[in-house]
Amino acid sequence: MRVLVQKFGGTSVAGPSEREHVLRKVLAAREMGYAVVVVVSAMGRRGAPYVTDTLLELLREGKATPRETDLLLACGEIVSGVVLAAALRARGVAATFLTGPQAGLITDETHGEARIIRVEPRRLRQELEEGKVVVVAGFQGMSEKGEVTTLGRGGSDTTATALGVALQAEAVEIYTDVEGVKTADPRLEGTARTLERLTYNEVCQLAQEGARVIHPRAVEIAMQANLPLWIKNTFSDGPGTLVVNGAFEQTVMIKADRPVTGITQIAPLTQFILEVEGADQVRAFRALAAEGISLDFITVLPERVIFNVREENEAKTRATLAALGFRPQMRPKCAKVAAVGAGMTGRPGIMAAIMESLAAEGIAVLQSADSYTTIWCLVKEEEMPRAVTALHRRFCA
Ligand code: ASP
Ligand code: MG
């Protein structure tokens with residue numbers, strides 16, 4: 001049995017006309033001889049009646065427990081899946097619908113952010129063997145105790161890759177309303193292209209940094225099993241983006257002359273520079289942690305610490321530091337621009353090229369950091385679009 005998992009996001013299953021495109025994709029996969037598992041998100045975008053945010057709204061006036069909240073949230077994907085299975089059946093396709101628990105997704109007990117710990121795909125496999133298309137509700141599972149859980153926002157992607165691994169699928173296709181993963185945010189960079197192929201690491205970096213095409217947890221699961229992942233557009237027949245292992249990881253060679261695959265950005269951030277040493281540095285980090293403030297882009301030097309917070313946490317951060325008697329220097333309205341590429345690992349000259357490109361635009365780098373596959377530069381938010389364009393032109397054009 002050749003299994004293919006197709007996951008459709010909220011915009012793909014929003015209404016009857018969108019669902020037509022979904023049916024087309026499912027029927028095409030069947031025609032190619034696949035046993036098809038279809039994972040669905042709740043129907044529509046923010047504001048639609050059965051979407052996750054709307055269900056959450058319903059609970060605003062009451063005091064639901066996390067357990068009950070998950071029971072309610074799970075309904076969004078159930079509505080969506082039942083409707084899609086019915087539509088398939090109307091097309092003469094043998095189809096059945098399973099909830100996450102029925103599909104055998106066993107999670108831990110963390111309501112609202114549950115992690116899949118194992119999959120028991122017996123029933124799912126049996127339905128596939130009977131020749132049915134199996135539609136599965138994304139974003140949900142069941143704890144060992146039998147409680148319904150949800151997997152955290154964007155969790156339907158994770159359902160798809162976990163089922164893909166469990167069923168030894170040939171591939172998982174993540175369908176959305178864009179052509180695939182882009183070399184930059186097309187709203188900032190008109191010449192951004194759709195990438196044909198990139199590595200799990202690259203897509204994780206790109207997804208975390210704002211190109212919200214797929215949940216990083218879903219990628220992590222696919223990567224562990226070396227499961228090929230496609231990001232495709234429900235509404236077109238474009239080839240999409242294939243996510244696989246990199247040259248260093250095994251099998252597929254990624255074009256070796258590509259040090260940088262894509263450019264991403266996050267804003268607004270506020271940079272804090274705190275001139276303190278030793279034990280005072282520890283006190284500062286401890287106090288911020290106690291306030292639940294998440295820090296990003298942290299640099300520790302013997303005589304100072306530098307870090308960034310999201311703009312909405314700026315006031316709280318300043319107050320927390322002031323309470324310790326510290327007077328930080330603050331630089332509001334910053335942006336973090338990242339150059340992501342598995343091909344930069346061990347390759348000299350990438351930072352030089354980044355600095356040259358930004359300097360040529362008169363853009364100052366306020367702070368930087370790097371990992372094996374990413375170099376981040378902090379710049380002024382007003383300079384962010386030009387920084388993205390300059391780096392895109394240098395590496396991705
Ligand atoms: N419906 C859920 C959410 O909005 C899960 C998903 O769509 O992936 O987060
Ligand atoms: Mg999503």
Side-chain angles (χ1 to χ4, degrees), residues 5-15 18-19 21-22 25 37-60 64 66 69-84 97-101 103 105 107 110-116 135-142 148-164 172-182 185 203-204 206-222 229-235 240-241 243 264:
V5 177
Q6 299 185 310
K7 181 260 168 178
F8 294 93
T11 49
S12 301
V13 289
E18 287 84 0
R19 255 189 311 272
H21 294 272
V22 172
K25 298 290 180 192
V37 176
V38 181
V39 174
V40 289
S41 286
M43 296 189 315
R45 287 182 194 276
R46 201 174 246 278
Y50 305 111
V51 97
T52 308
D53 288 305
T54 307
L55 299 174
L56 274 171
E57 279 288 303
L58 290 175
L59 294 176
R60 273 243 302 258
T69 303
D70 270 356
L71 281 165
L72 182 68
L73 292 189
C75 296
E77 271 69 11
I78 295 178
V79 169
S80 179
V82 169
V83 171
L84 184 65
F97 167 76
L98 299 177
T99 65
L105 285 143
T107 72
T110 321
H111 284 290
E113 274 300 333
R115 287 180 68 105
I116 298 170
V135 183
V136 178
F139 175 56
Q140 53 184 263
M142 189 175 73
V148 172
T149 54
T150 64
L151 308 181
R153 300 311 302 268
S156 296
D157 295 340
T158 310
T159 303
T161 55
L163 290 179
V172 171
E173 298 179 333
I174 304 286
Y175 280 96
T176 171
D177 56 359
V178 295
E179 288 300 320
V181 183
K182 301 269 185 191
D185 183 342
V203 81
C204 269
L206 292 168
Q208 243 144 17
E209 301 288 319
R212 306 203 172 285
V213 283
I214 185 167
H215 197 289
R217 178 87 185 102
V219 179
E220 193 184 313
I221 290 173
L229 207 56
W230 287 92
I231 319 271
K232 293 188 174 197
N233 187 346
T234 307
F235 307 107
T241 301
V243 187
T264 66

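Both counts, for ligands and for their atoms, begin at 1 and track the order of listing. Positions are given from 1, in the same order as the sequence printed here. Quick caveat, the model's predicted, so the values are computed rather than measured.
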>> For atom 9 (O) of ligand 1, what's the nearest protein heavy-atom neighbour? Residue, atom name and distance, please.
In response: Arg153 NE, 2.7 Å

> Would you say Gly10 contacts ligand 1, with heavy atoms under 4.0 Å as the rule?
Replying inline: no

> Knowing that exactly one of Thr107, Asp70, Thr110 qualifies, which makes a side chain to side chain donor-acceptor pair (under 3.5 Å) with Thr150?
Replying inline: Asp70

> Within the distance-only criterion (no hydrogens, no angle test), does the side chain of Thr234 pair as donor or acceptor with the backbone N or O of Asp177 below 3.5 angstrom?
Replying inline: no

>> Can a donor-acceptor pair be found, under 3.5 Å and without considering hydrogens, that links the side chain of Gln140 to the backbone of Ala74?
In response: yes

> atom 7 (O) of ligand 1: which protein heavy atom is closest, and how many Å away?
Replying inline: Ser41 OG, 2.9 Å

>> Regarding atom 2 (C) of ligand 1: of the candidates Thr158, Asp53, Thr52, which has the closest heavy atom?
In response: Thr52

> How does His215 reach ligand 1, if at all, at less than 4.0 Å between non-hydrogen atoms: by side chain, backbone, both, or neither?
Replying inline: neither

> Among protein heavy atoms, which sits nearest to atom 6 (C) of ligand 1, and what does the distance come to when rounded to 0.1 Å?
Replying inline: Ser156 OG, 3.4 Å

> Does Thr161 reach the main-chain N or O of Ala218 with its side chain, forming a donor-acceptor pair under 3.5 Å?
Replying inline: yes

> Any non-hydrogen atom of Gly138 lying under 4.0 Å from ligand 1?
Replying inline: no

> When rounded to the nearest 0.5 angstrom, what distance separates OG1 in Thr176 from CD1 in Ile214?
Replying inline: 10.0 Å

> ligand 1 and Gly154, any nitrogen or oxygen pair closer than 3.5 angstrom?
Replying inline: yes

> To the nearest 0.5 Å, how far apart are CD in Glu173 and NZ in Lys25?
Replying inline: 8.0 Å

